A.B. asks: 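Please find one structure pasted underneath; my questions will follow.
Along the sequence shown, the residues carry numbers beginning at 1. All values derive from a computational prediction rather than experimental measurement.
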Amino acid sequence: MDKLKILVVDDESRMRKLVRDFLVKQNFEVLEAGDGAEALDIFFGTEDIALIILDVMMPKMDGWQTCREIRAYSKVPIIMLTAKSDERDELQGFDLGVDEYISKPFSPKILVARVEAILRRTNSRSADQVLEAGGISLDKAAHIVMVDGRQLELSFKEFELLAYFMENQGIALSREKILNNVWNYDYFGDARTIDTHVKKLRSKLGDKGDMIKTIWGMGYKFEVA
């Protein structure tokens, strides 16, 4: 079986080596880039990269811009590494479609565990599943959402959130459960990440946004009237 390819992007060679060594031990193939521009060259010139580990602060092109360029063409899972722990940076990362957000310094073993968890989740998804409910049609493979025949523009995380709601119709979902399934990490902050994305999603859905019910003191439930 071919090894899964992971692209590690960081301007510190010591950091790249540390991450690479742990990933190689788990039988991953690791590609390296020292800045965002080099990362894009490697990503678009290499087939079947399974996941990207991307540092924020880099010369030539930072992690945010690199993420934007990749997300314009690909849904490849991205883990963002940063020395900052500002909630605004974290929310910006999620808006750009980042799957994980890990602050330095971090445990390489935890990073590898999260890489494996994301890849398990990604590989277990049905590639051709179309979800339909209450006039909303969500095509997971094509990454398209239609509302009453009109295509809706959603961010990567808004799409993932809506898909999770539609897959769990009528089930009350706690914020913790949503975070663990949509963002796939243990969240130690408050609930604003979830609430911010739900607010934006409801707004874009218009009248259909009423199907996302607030369960006070717990979380949310997607329910077709």
Side-chain angles (χ1 to χ4, degrees), residues 3-46 48-122 155-157 160 179-190 192-194 196-197:
K3 296 180 179 179
L4 292 175
K5 296 175 186 174
I6 296 180
L7 175 57
V8 178
V9 189
D10 197 306
D11 60 327
E12 296 182 46
S13 59
R14 179 186 60 82
M15 179 63 69
R16 293 200 307 272
K17 182 180 185 305
L18 175 68
V19 173
R20 182 188 68 221
D21 288 350
F22 274 85
L23 289 170
V24 167
K25 286 179 183 177
Q26 298 302 314
N27 208 33
F28 291 108
E29 179 182 342
V30 178
L31 307 174
E32 297 181 45
D35 59 63
E38 184 182 359
L40 292 180
D41 287 341
I42 293 173
F43 179 74
F44 289 113
T46 307
D48 301 327
I49 289 179
L51 183 142
I52 299 173
I53 298 172
L54 181 62
D55 188 35
V56 171
M57 303 300 290
M58 296 183 294
K60 294 186 181 179
M61 182 185 292
D62 67 15
W64 301 129
Q65 186 58 36
T66 307
C67 182
R68 287 189 191 95
E69 296 286 340
I70 291 171
R71 274 290 170 260
Y73 297 95
S74 172
K75 298 185 293 177
V76 63
I78 295 176
I79 295 178
M80 201 75 116
L81 304 179
T82 180
K84 298 179 180 179
S85 58
D86 192 317
E87 186 183 65
R88 288 172 299 177
D89 288 330
E90 192 168 341
L91 290 172
Q92 178 180 350
F94 290 140
D95 280 341
L96 289 175
V98 173
D99 294 80
E100 285 270 4
Y101 193 100
I102 300 178
S103 297
K104 296 178 180 178
F106 56 85
S107 160
K109 289 183 179 179
I110 294 297
L111 175 63
V112 171
R114 291 183 175 180
V115 165
E116 292 175 334
I118 288 174
L119 291 174
R120 279 197 304 271
R121 182 185 66 178
T122 301
S155 72
F156 186 77
K157 274 302 167 195
E160 297 281 294
L179 281 164
N180 285 332
N181 284 274
V182 177
W183 279 266
N184 197 42
Y185 79 123
D186 295 321
Y187 190 66
F188 297 102
D190 57 31
R192 279 182 289 180
T193 296
I194 290 288
T196 298
H197 280 79

A.B. asks: Please lay out, stage by stage, how Val8 and Leu23 fare under the test side-chain contact (heavy atoms from CB on, under 4.5 Å).
C.D. replies: CA-CA 10 Å; Val8 178; Leu23 289 170; 4.0 Å; yes
A.B. asks: Side chains of Lys157 and Thr193, heavy atoms from C-beta outward: is any pair under 4.5 Å?
C.D. replies: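 Answer no - side chains too far apart.
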A.B. asks: Could you pull out the closest heavy-atom pair between Gly34 and Pro59, with the gap in Å?
C.D. replies: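 Minimum heavy-atom separation between Gly34 and Pro59: O-CD, 4.5 Å.
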A.B. asks: Using a 4.5 Å cut-off on heavy atoms from C-beta on, say whether the side chain of His197 contacts that of Val182.
C.D. replies: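 Of all side-chain heavy-atom pairs linking His197 with Val182, none is under 4.5 Å.
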A.B. asks: Taking the side chain as every heavy atom from C-beta outward, state whether Thr82 and Trp64 have any pair of such atoms under 4.5 Å apart.
C.D. replies: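 Thr82 vs Trp64: side chains apart.
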A.B. asks: What distance separates Lys3 NZ from Asn27 CG, expressed to the nearest 0.5 Å?
C.D. replies: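 Taking NZ in Lys3 and CG in Asn27, the distance rounds to 5.0 Å.
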A.B. asks: The criterion is side chain to side chain contact (heavy atoms under 4.5 Å, CB included); which residues satisfy it with Leu31, sequence neighbours excluded?
C.D. replies: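 Result, side chain to side chain contact (heavy atoms under 4.5 Å, CB included) vs Leu31: Leu7, Glu29, Ile42, Thr46, Ile49.
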A.B. asks: Taking side chain as C-beta onward, heavy atoms only, is Lys104 less than 4.5 Å from Asp55?
C.D. replies: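 Side chain of Lys104 against side chain of Asp55, heavy atoms only: contact under 4.5 Å found.
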A.B. asks: With rounding to the nearest 0.5 angstrom, report the CG to CG distance, Leu51 to Leu119.
C.D. replies: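 The distance works out to 5.0 Å.
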A.B. asks: Restricting to non-hydrogen atoms, name the atom on Gly63 and the atom on Leu54 that form the minimum distance, rounded to 0.1 Å.
C.D. replies: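 Shortest heavy-atom separation between Gly63 and Leu54 comes out as O-CD2, 3.4 Å.
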A.B. asks: Inspect the contact between Lys17 and Asp21 and indicate whether a charged nitrogen and a carboxylate oxygen are less than 4.0 angstrom apart.
C.D. replies: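 Looking at Asp21 and Lys17, the cut-off is met.
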A.B. asks: Is there side-chain contact between Ile79 and Asp99, with heavy atoms separated by less than 4.5 Å?
C.D. replies: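 A side-chain contact under 4.5 Å is absent here.
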A.B. asks: How long is the straight-line distance from CD of Glu116 back to CZ of Phe28, given to the nearest 0.5 Å?
C.D. replies: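 Result: 5.0 Å between the selected atoms.
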A.B. asks: Would you say the side chain of Thr66 lies within less than 4.5 Å of the side chain of Phe43, judging by non-hydrogen atoms?
C.D. replies: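 No, every pair of side-chain atoms sits at 4.5 Å or beyond.
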A.B. asks: Looking only at non-hydrogen atoms, find the nearest pair between Met80 and Val56 and report the distance.
C.D. replies: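 Closest pair (atom of Met80, atom of Val56, distance): CG-CG2, 3.5 Å.
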A.B. asks: So, for Phe106 and Pro108, which heavy atoms are closest and what is the spacing to 0.1 Å?
C.D. replies: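 Smallest heavy-atom distance, with atoms named: O-CD, 3.4 Å.
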A.B. asks: Specify the closest pair of heavy atoms between Ala50 and Pro77, including all atoms of both residues, with the distance to one decimal.
C.D. replies: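 In this case the closest contact between Ala50 and Pro77 is O-CD, 3.2 Å.
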A.B. asks: Could you grab the distance from atom CE of Met57 to atom CG of Asp11, nearest 0.5 Å is fine?
C.D. replies: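 CG of Asp11 is found 9.0 Å from CE of Met57.
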A.B. asks: Kindly compute the distance separating CD1 (Ile53) from CD (Glu32), expressed to the nearest 0.5 Å.
C.D. replies: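 If we round to the nearest 0.5 Å, Ile53:CD1 and Glu32:CD are 10.5 Å apart.
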A.B. asks: Rounded to the nearest 0.5 Å, what separates atom CZ in Arg68 from atom CD1 in Ile70?
C.D. replies: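 One gets 12.5 Å once the value is rounded to the nearest 0.5 Å.
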A.B. asks: Should the pair Asp35-Arg16 be classified as a salt bridge under the 4.0 Å nitrogen-to-oxygen rule?
C.D. replies: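 No, no charged N to carboxylate O under 4.0 Å.
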A.B. asks: Between Tyr73 and Phe44, what is the ring plane arrangement, given parallel below 30°, perpendicular above 60°, and tilted in between?
C.D. replies: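 It falls in the perpendicular class, over 60°.
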A.B. asks: Quick one: do Leu111 and Phe22 satisfy side-chain contact (heavy atoms from CB on, under 4.5 Å)? Show the steps, please.
C.D. replies: CA-CA 9 Å; Leu111 175 63; Phe22 274 85; over 6 Å; no
A.B. asks: Has Gln65 got a side-chain atom pairing as donor or acceptor with Met61's backbone, closer than 3.5 angstrom?
C.D. replies: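 Judged by distance alone, no pair lies under 3.5 Å.
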A.B. asks: Return the minimal non-hydrogen interatomic distance between Val9 and Met58, and the atom names on each side.
C.D. replies: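 Here Val9 and Met58 meet closest at CG1-SD, 3.5 Å.
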